[in-house]
Every structure is written in structure tokens, then in C-alpha cells.
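Below is one structure, written out as C-alpha cells; comments come after it.
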Amino acid sequence: MSLSGIGLHTGVTVNLRLCPAPANTGIIFKRTDLDGFTIEGQSRHVARVSYATSLMKKGVLISTTEHLLSALAGLEVDNAIVEIDNLELPIVDGSALPFVKAIRQAGLRPQRARRVYARILKPVEIVDGVKRIAIYPAETLRISYSIDFPHPVIGTQSLDFTPHAGKYEDDIAPARTFGFLAEVEMLLKSGLVKGGSLENVVVLDKERVMNPEGVRFPDEFCRHKILDLIGDMSLLGHPLIGHVVADRAGHAMHAQLVAQLLRRKDCWTPTTSSSTVSKATLRRAPALVATNA
Ligand SMILES: [Zn+2]
């Protein structure tokens, strides 16, 4: 599948192609503009996590990977090659929906390898002031996310998400990234959000949502945090069986939780418990599905 658009932070035009990959490849990013230099979608390559999750290897950067990673994880795509010809993934409409549609158009194909889950055995908790993220043993993946922004449209929002058929696509994937008008100048000075607009970010001024179409869900903000979390947690390399509880967290804390899990191997075990579940990759490369250039 291919898709083109601009990067949220760099504003560069980029073409993206999603290709099938053999079992046990995982998700691999390939910079076609740099002789096919590859970066594995794994926690050890996480570089910057302030406003996006970027990967870096040998000085080569791939920025804002989380929404595509979320779509791949949300649809249980285990193996894929992500080809891009610039340093940042396209932001498209700010959600994971364009990626989901593209993957759906391509179709999925089961592979001759079983999915290996990370089953949580002992709690892992990270606290940073009022921010908190933790994971606990559970029978399936469950995510409980809370946010609290002192803004009349957001305030306190909480959502409990347990993925099952179609739920990620309907409830999480359409939720767009958001930002505050008051922060735009600071972000631009830091070299960020150069590609941002009302086409790809829900922007809030002091009182309201500035986008003419409004929000897609009253709690779109909390849903987007879950979208980001699903993408960031996929960098562990295994789908999770556990209950993630996050309160006012963000990319940095999501990445810390993954790093902590990789250090604390006593807290989880690889398992093929759902023995009928095989790995999956894309069936084929679909036609162009969306443009935002
Ligand atoms: Zn996001």
C-alpha cells in the first residue's frame, strides 16, 4: 500500500509504502532515500519521545512512527516493511484511520508462525509526580487511560479499552492528535509542528476546538492517548497480555514502561497461549489510498 502526505513536525513531503514481510521479520522501517537503510521498530532504537516517538540508528532518524505502529498493532499485523523516502511518517489526518483503511484495503494474510505474546506476571509501575503508568497481570490486553487538562473542552477524561473484533478501528483509530494554540509558537521555535494545520491536528484555543468540523468523539483526546500508547507499546516486540493503567502519561512514559519491561524479564513471560493465533502480514500492496500533500 502506498500513501503520501507531509510530516507533522518537519513539514516534509513523504511517500509511504507498506509491504508484506516474512514471518518473524517484525516491523521494519526502510529509508528508500538512503539506499534502503533499515531501522527495526524496536525499543532499543527509540530516540526522542517529547512530542512524537522517533527512532534512530547510526544517526539516521525516522520520526513520528507511533500512529502507523498503532494501526499495525491495532489490526494485529506482526510483520511488515514500511518504506519511506524522507525522515518523518506522514501525519495524514492526525489519526490512525488512513493507515487502517490502507491495511484493510491490502488485506491480511496469516503466516506459518504463532504470535508470541508477553504475558505480564508481576506489576511494573512508573510514577513521575502526578503522572503514572503501570502494567498488571490480566487475562487479556486491557488499557485504562486517564487524562486531565485544565481546559473547558477536555478536563478529566478516562477510558477503559479492551480490544476485540473491530473495536480498535471504530473506537481508537479515528481519534486525532491534538494541541493547544498557546503552545504553537513555542513548538515552532523548537523546530516542531512545521507541517501542522487544522487538517491534521485538533487545535484548542483558550475556550474551544478551532477545527470547523469539531471533534469526532467528546473524549477524542483520551482516545488518542490510547492510540499513541498502543503504537508505543508495540516497540516491545510482543503483543501484551496485561492491564495497562496510565494517568496523565505520554510518549516518554510509554517508552519508559517498555524499557522497564525489557530490563525486568522476571515480570513477564513469552507465551503462545492462544495457540491458534498465527502471525499476520499484508496480503498485497494496495493502490494509493489517501493524499494530504
Ligand atoms: Zn499521537
Side-chain angles (χ1 to χ4, degrees), residues 21 23-29 39-50 53-57 65-66 69-70 72-80 111-147 158-164 168 172 225-280:
N24 305 319
T25 303
I27 308 299
I28 291 187
F29 292 86
I39 305 184
E40 300 77 16
Q42 291 171 2
S43 169
R44 64 196 157 102
H45 298 310
V46 169
R48 271 188 275 154
V49 285
S50 49
T53 296
S54 301
L55 305 175
M56 192 187 272
K57 184 173 148 189
T65 56
E66 64 272 17
L69 286 172
S70 180
L72 291 166
L75 298 188
E76 303 191 336
V77 181
D78 300 285
N79 302 295
Q111 298 180 291
R112 276 181 217 279
R114 281 199 218 152
R115 294 196 103 199
V116 182
Y117 293 82
R119 175 185 282 280
I120 301 300
L121 303 173
K122 290 185 217 168
V124 176
E125 296 173 318
I126 297 164
V127 179
D128 177 8
V130 295
K131 303 177 185 177
R132 177 174 170 264
I133 192 163
I135 189 161
Y136 303 100
E139 283 313 302
T140 57
L141 173 63
R142 180 178 160 203
I143 298 167
S144 304
Y145 216 115
S146 307
I147 56 172
S158 302
L159 192 67
D160 201 64
F161 175 71
T162 304
H164 56 77
Y168 173 82
I172 302 299
K225 295 298 251 183
I226 294 179
L227 186 159
D228 280 340
L229 176 83
I230 290 170
D232 290 339
M233 294 301 295
S234 76
L235 295 170
L236 180 71
H238 297 287
L240 281 163
I241 300 178
H243 181 195
V244 183
V245 179
D247 186 7
R248 283 167 271 195
H251 294 303
M253 290 196 90
H254 303 164
Q256 279 177 43
L257 180 60
V258 173
Q260 191 72 257
L261 283 169
L262 288 170
R263 268 195 300 273
R264 306 234 1 233
K265 293 270 166 61
D266 59 312
C267 292
W268 57 280
T269 185
T271 173
T272 52
S273 69
S274 315
S275 56
T276 52
V277 182
S278 53
K279 291 201 173 196

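Please read these numbers as outputs of a predicted model, since none were measured by experiment. Atoms considered below: every heavy atom in the structure, side chains included; atoms not considered: hydrogens, waters and symmetry mates.
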TODO: Considering non-hydrogen atoms only, spot the tightest contact between Asp228 and Glu66 and give its length.
DONE: OD1-CG, 3.5 Å
- [ ] Specify the closest pair of heavy atoms between Ile120 and Gly242, including all atoms of both residues, with the distance to one decimal.
- [x] CG1-CA, 4.0 Å
Open item on the list: Tell me which pairs pass salt bridge (Lys or Arg N to Asp or Glu O under 4.0 Å) where either residue lies in residues 255-265, with sequence neighbours left out.
Closed with: Arg264-Asp266
State the [atom1]-[atom2] distance between [X] and [Y], to the nearest 0.5 angstrom.
{"X": "Ser158", "Y": "Asp247", "atom1": "OG", "atom2": "CG", "result": "7.5 Å"}
{"X": "Ile143", "Y": "Ile226", "atom1": "CD1", "atom2": "CD1", "result": "6.0 Å"}
{"X": "Gln260", "Y": "Ser43", "atom1": "CD", "atom2": "OG", "result": "11.0 Å"}
{"X": "Met233", "Y": "Leu261", "atom1": "CE", "atom2": "CG", "result": "5.5 Å"}
{"X": "Ile230", "Y": "Tyr168", "atom1": "CD1", "atom2": "OH", "result": "5.5 Å"}
{"X": "Thr269", "Y": "Arg119", "atom1": "OG1", "atom2": "CZ", "result": "9.0 Å"}

- [ ] Quick one: list whatever passes ring pair (Phe, Tyr, Trp, His ring centres under 6.0 Å) with Tyr145, sequence neighbours left out.
- [x]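 Scan of Tyr145 (ring pair (Phe, Tyr, Trp, His ring centres under 6.0 Å), adjacent residues dropped) gives His254.
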TODO: Decide whether Gln111 and Asn79 meet the rule of one side-chain donor and one side-chain acceptor closer than 3.5 Å.
DONE: yes
TODO: Quick one: do Lys225 and Leu159 satisfy side-chain contact (heavy atoms from CB on, under 4.5 Å)? Show the steps, please.
DONE: CA-CA 10 Å; Lys225 295 298 251 183; Leu159 192 67; over 6 Å; no
Side-chain donor/acceptor pairs under 3.5 Å, residues 132-142, sequence neighbours excluded:
unit_1: Arg132; atom_1: NH2; unit_2: Tyr136; atom_2: OH; d: 2.6
unit_1: Tyr136; atom_1: OH; unit_2: Glu125; atom_2: OE2; d: 2.6
unit_1: Arg142; atom_1: NE; unit_2: Asp160; atom_2: OD1; d: 3.2
unit_1: Arg142; atom_1: NE; unit_2: Asp160; atom_2: OD2; d: 3.1
unit_1: Arg142; atom_1: NH2; unit_2: Asp160; atom_2: OD1; d: 3.3

Open item on the list: Check whether Thr65 reaches the backbone of Thr53 with its side chain - one donor and one acceptor, N or O, closer than 3.5 Å.
Closed with: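 Flag set: sc Thr65 to bb Thr53 pair under 3.5 Å.
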- [ ] Begin with the C-alpha distance, continue with both residues' side-chain angles, and end with the deciding distance and a verdict on side-chain contact (heavy atoms from CB on, under 4.5 Å) for Leu235 and Leu55.
- [x] CA-CA 10 Å; Leu235 295 170; Leu55 305 175; 4.3 Å; yes
- [ ] Taking side-chain contact (heavy atoms from CB on, under 4.5 Å) as the test, write out the residues that go with Ala118, two or more places apart.
- [x]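 side-chain contact (heavy atoms from CB on, under 4.5 Å) check on Ala118 returns Leu236, His238, Leu240, Trp268.
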Task: For Ser234, side-chain contact (heavy atoms from CB on, under 4.5 Å) partners two or more places apart - done: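 Partners of Ser234 under the side-chain contact (heavy atoms from CB on, under 4.5 Å) test: Leu69, Ala73.
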Task: side chain to side chain donor-acceptor pair (under 3.5 Å) partners for Lys131, two or more places apart - done: none
- [ ] Carefully, step by step, assess Met56 and Ile39 under the rule side-chain contact (heavy atoms from CB on, under 4.5 Å).
- [x] CA-CA 7 Å; Met56 192 187 272; Ile39 305 184; 5.6 Å; no
